[in-house]
Amino acid sequence: MREAAGWPTILGMTSAIRHTTIDSTDAYRLGLFWSEVLGQPLQPEDLPGDPEVLIAGAGLLFVTVPEPKTAKNRVHLDLQPQDRTRDEEVERLLALGARLVDDRRNPDGTGWAVLADPEGNEFCVERSEAERAATA
């Protein structure tokens, strides 16, 4: 190990993140929600009732666990719309079953919205790249 700008730099073997795993009470149902959000399919072999489902293109693995979510996420996803505004994306996600948790949007167009998926996992919706460029 050697130091680089105050942080250790590790030489040699490293790890890669294979999936981000999200616990759920119904992996298939939650996977379908996120499949719609991201416009990416579940794996063809994933079926209702399966204990695990995968959105390979996003690296999201949904796993069924017996207990419901009870506390705030320590890790969350930040979404940036690709073909619409932040506000249009928030409306689309609400129609898919998301819930608005905290509205951090500002009158000048900056900010973000905190939403929760159908099982209560928080995520944020930021401004699109075009919106960011317009206010830069």
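Asp26 and Ser24 are not linked by any side-chain donor-acceptor pair at a separation below 3.5 angstrom, with hydrogens and angles left out of the test. For the 3.5 Å distance criterion, the side chains of Thr64 and Glu52 fail to qualify, holding no donor opposite an acceptor.
Rounding to the nearest 0.5 angstrom, the gap separating the OG atom in Ser35 from the CG atom in Leu30 is 11.0 Å. The OG atom of Ser128 sits 8.5 Å away from the CD atom of Glu88 when rounded to the nearest 0.5 Å. Residue Thr85 holds its OG1 atom at 9.5 Å from CD of Glu91, rounded to the nearest 0.5 Å. Expressed to the nearest 0.5 Å, how far CG of Asp78 lies from CD of Gln80 amounts to 9.5 Å. To the nearest 0.5 angstrom, Thr110 atom OG1 is 10.0 Å from Arg132 atom CZ. Distance check, rounded to the nearest 0.5 Å: CG of Asn121 to CZ of Phe33 gives 9.5 Å.
Considering all non-hydrogen atoms of both residues, Leu115 and Ala98 come closest at CD2-CB, 3.7 Å. In this structure, Leu93 and Val125 approach most closely via the heavy-atom pair CD1-CG2, 3.7 Å. Among all heavy-atom pairs drawn from Ala113 and Leu100, the shortest one is CB-CD1, 4.1 Å. Residues Pro51 and Ala27 share a closest heavy-atom pair of O-CB, 3.7 Å.
Residues Leu96 and Ile22 share a single hydrophobic cluster, defined by chaining ILVMFWY side chains whose heavy atoms lie under 4.5 Å apart. A chain of hydrophobic side-chain contacts below 4.5 Å, direct or via other Ile, Leu, Val, Met, Phe, Trp or Tyr residues, connects Val37 to Leu77. Connection of Leu61 to Tyr28 is not established within any shared hydrophobic cluster, with ILVMFWY side chains joined at heavy-atom distances below 4.5 Å, either directly or through further cluster members. Cluster membership for Leu54 and Leu38, using ILVMFWY side-chain heavy atoms within less than 4.5 angstrom, is not shared.
At distances below 3.5 Å, not a single donor-acceptor pair connects side-chain atoms of Asn73 with backbone N or O atoms of His76.
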Decide side chain to side chain contact (heavy atoms under 4.5 Å, CB included) for Glu119 and Arg29; before the verdict, give the C-alpha distance in whole Å, the side-chain angles of both, and the deciding distance to 0.1 Å.
CA-CA 10 Å; Glu119 292 205 11; Arg29 184 176 64 90; 3.5 Å; yes
Begin with the C-alpha distance, continue with both residues' side-chain angles, and end with the deciding distance and a verdict on side chain to side chain contact (heavy atoms under 4.5 Å, CB included) for Val101 and Arg99.
CA-CA 6 Å; Val101 174; Arg99 174 175 54 86; 3.8 Å; yes
Could you go through the side chain to side chain contact (heavy atoms under 4.5 Å, CB included) check for Leu42 and Ile55 one step at a time?
CA-CA 5 Å; Leu42 296 177; Ile55 301 175; 3.7 Å; yes
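With sequence neighbours excluded, no residue satisfies salt bridge (Lys or Arg N to Asp or Glu O under 4.0 Å) with Arg127.
Judged as a side chain to side chain donor-acceptor pair (under 3.5 Å), not a single pair has a partner in residues 41-50 (not counting sequence neighbours). Each ring pair (Phe, Tyr, Trp, His ring centres under 6.0 Å) pair with one or both residues in residues 99-136, not counting sequence neighbours, appears once here: Trp34-Phe123.
Contact check on Arg86 versus Glu89 returns no salt bridge, with no Lys/Arg side-chain nitrogen under 4.0 Å from an Asp/Glu carboxylate oxygen. A salt bridge links Lys69 and Glu122; the closest N-O separation between the charged side-chain nitrogens and carboxylate oxygens is under 4.0 Å.
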